[in-house]
Amino acid sequence: MRISVIGCGYLGAVHAACMAELGHDVVGIDVDQHKVDELGAGRAPFFEPGLPEVLTKALETGRLRFTTDMSAAAEATVHFVAVGTPQTKGSFNADLTYVDAAIDGLLPFLSEGDLVVGKSTVPVGTAARLAGLVEGAKSGATLAWNPEFLREGFAVQDTVSPDRFVYGVPSGDAGAAATAVLDEVYATALATGTPRIVTDYATAELVKVSANAFLATKISFINAMAEVAEATGADVTQLADAIGHDARIGRKFLNAGLGFGGGCLPKDIRAFRARGDELGLHDTLSFLGEVDAINLRRRERVVTLTRELVGDLDGATIGVLGLAFKPNSDDVRDSPALDVVTKLVEAGATVTAFDPEANETATRSLPTLTTSETAEDAVRGADAVLVLTEWKEFRELDPAAVATLVAHKRVVDGRNCLDAVAWRAAGFEVRGLGRP
Ligand SMILES: NC(=O)C1=CN([C@@H]2O[C@H](COP(=O)(O)OP(=O)(O)OC[C@H]3O[C@@H](n4cnc5c(N)ncnc54)[C@H](O)[C@@H]3O)[C@@H](O)[C@H]2O)C=CC1
Ligand SMILES: O=C(O)[C@H]1O[C@H](OP(=O)(O)OP(=O)(O)OC[C@H]2O[C@@H](n3ccc(=O)[nH]c3=O)[C@H](O)[C@@H]2O)[C@H](O)[C@@H](O)[C@@H]1O
């Protein structure tokens, strides 16, 4: 099939490359010339394991190209819209200006029988509004909403073989035709038995935001239990292991620590709540405010634990390991680690940070940040070491070696990822979140 992907960021670049890998002819369109140049040269503009390989292979076949020219969409019959929907400045609402601009830009290049497929995460009601615009343009095109569930760090695998597909389509013949087109796009994964659920627009939009709301709630639940553990001397990790054995609960997404960040969970729960307010459902979704508050309190807690360890943060030297919002990513959007660094610096600490992949993105976001080239350089001379992203190389650090570098043997394990027994054996004072 001939496909265009509009918006080539964390979602769209992976989608474009994977669709070409699956045999489709794909043009990726983005307004960012630098991104388009990088992608066209086979370089991923962000760190995503496996993406450079898929990109290079797909470019070599000639089935993939990138451009800033929206008219290239005219060659395609299926158009994925994957632009950003960030939090609006000064409010919790999703900013839909990029989606609106992408649809506006696409309309003149649509033809009879084309399918426009929304992938961006949007407030419920958006697809119906955009369908009106697409139909109003009298192009003969149809709109479907096909939300994306990929995780950064596993984006290629999640795109090629997702847990499920959700198609939000209009009723009647147009919906049946849209479903048939999407089935053809995803034929490879469907052939292996990947479930697909066909719904109306509102259900598809809600599946996406409710999935993220559920995941965020699960993390905040365990972080609330961490607060209780801190007040009682209990161990939240053992608690999570124990309740996680109940198949109805499950152990995944029960890792207590610094909490969730990134370009999606925080802004999505806020936008969902804001949309709930617009729908008169304030009480129904107000618990998401608590989910957000619990999550943000964990960041303060790490600062408090550091202060308790070093005495006065003013003048303290802190070595920070981890800046990305999660391992295997260079994404620092709403990164809990970067937030903690900012708070420490505001309190007068001198911070040197290291992340295996996110030094550059973090420095772009926080230009005053001091980063180092290695974990060893970050912790050298530190009054306390903070582990804020659970990269494998930090989990595997030799505490005896770290002990020879630091000024004081103190560590705050913001992700409950260290072997506390081993670090204590090496002479470290260890503080975790919800762990004695
Ligand atoms: N990052 C992720 O893991 C996932 C993201 N999503 C959703 O996908 C959407 C995109 O997210 P990301 O890829 O993370 O954002 P991003 O910010 O990395 O990428 C968005 C891209 O769209 C481009 N763009 C903006 N306006 C444009 C226009 N008018 N025409 C063409 N390109 C335009 C930007 O230059 C940028 O490259 C959001 O709604 C997000 O919630 C959903 C699932 C996973
Ligand atoms: O809508 C999106 O963009 C995506 O958001 C999340 O994916 P992602 O943000 O890539 O990362 P997650 O693995 O969900 O982690 C999110 C945050 O939660 C934190 N987390 C995760 C799990 C856990 O047990 N504890 C915990 O604190 C992570 O450290 C990270 O900061 C969802 O998992 C995806 O399904 C979804 O498509």
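Remember, it's 1-based here, ligands and their atoms both numbered in the order they're listed.
Around atom 4 (C) of ligand 1, the closest heavy atom drawn from Cys264, Ala101, Ser329 belongs to Cys264. Of the candidates Ala94, Gly7, Gly28, the one placing a heavy atom closest to atom 22 (O) of ligand 1 is Gly7. Comparing heavy-atom distances from atom 12 (P) of ligand 2 across Arg333, Glu152, Lys326, Arg251 singles out Lys326 as nearest. Taking only non-hydrogen atoms, the option from Leu265, Thr85, Ile103 nearest to atom 38 (C) of ligand 1 is Thr85. When the options Leu96, Val83, Val31 are ranked by their closest heavy atom to atom 9 (C) of ligand 1, first place goes to Val83.
Short contacts between ligand 2 and Leu254, defined as distances under 4.0 Å to a heavy atom of the residue, involve ligand atoms 24 (O). Listed by atom number, the atoms of ligand 2 under 4.0 Å from Glu148 heavy atoms are 37 (O). Of all atoms in ligand 2, listed by their number and element, those nearer than 4.0 Å to a heavy atom of Cys264 are 1 (O), 2 (C), 3 (O), 5 (O). Of all atoms in ligand 2, numbered sequentially from 1 with element shown, those under 4.0 Å from a heavy atom of Arg415 are 27 (O), 29 (O). Atoms of ligand 1 found under 4.0 Å from any heavy atom of Lys208, numbered from 1 in the order shown, are 43 (C).
Of the heavy atoms in Lys208, only side-chain atoms (C-beta onward) come closer than 4.0 Å to ligand 2. When non-hydrogen atoms are compared, ligand 2 lies under 4.0 Å from the side chain of Leu215 (C-beta onward) but not from its backbone.
The shortest N/O to N/O separation between Asn212 and ligand 2 falls below 3.5 Å. The N/O atoms of Leu11, backbone and side chain alike, include one that comes under 3.5 Å of an N/O atom in ligand 1. Not a single N or O atom of Glu148, backbone or side chain, sits closer than 3.5 Å to an N or O atom of ligand 1. Ligand 1 has a nitrogen or oxygen under 3.5 angstrom from a nitrogen or oxygen of Lys35. Of the polar atoms of Glu152, at least one N or O is found under 3.5 Å from an N or O of ligand 1, judged by distance alone. Residue Pro336 has no N or O atom closer than 3.5 Å to an N or O atom of ligand 2. Taking only nitrogen or oxygen atoms, main chain and side chain alike, Lys119 does not reach within less than 3.5 Å of ligand 1. Ligand 1 has no nitrogen or oxygen under 3.5 angstrom from a nitrogen or oxygen of Asp268.
In terms of protein heavy-atom proximity, atom 18 (O) of ligand 2 is nearest to Phe260 CB, 3.2 Å. The single protein non-hydrogen atom nearest to atom 6 (C) of ligand 2 is Leu265 CD2, 4.1 Å, given as residue, atom name and distance. Taking atom 14 (O) of ligand 2 as the reference point, the nearest protein heavy-atom neighbour is Phe253 CZ, 3.1 Å. Residue, atom and distance of the protein heavy atom nearest to atom 20 (N) of ligand 2 are Ile219 CD1, 3.5 Å.
Taking the charged nitrogens against the carboxylate oxygens, Lys343 and Glu300 do have a contact shorter than 4.0 Å, which makes a salt bridge. A salt bridge is absent between Glu60 and Lys57; no separation between the charged side-chain nitrogens and carboxylate oxygens falls under 4.0 Å.
At a 4.0 Å cut-off, not a single heavy atom of Arg151 sits close enough to ligand 1 to count as contact.
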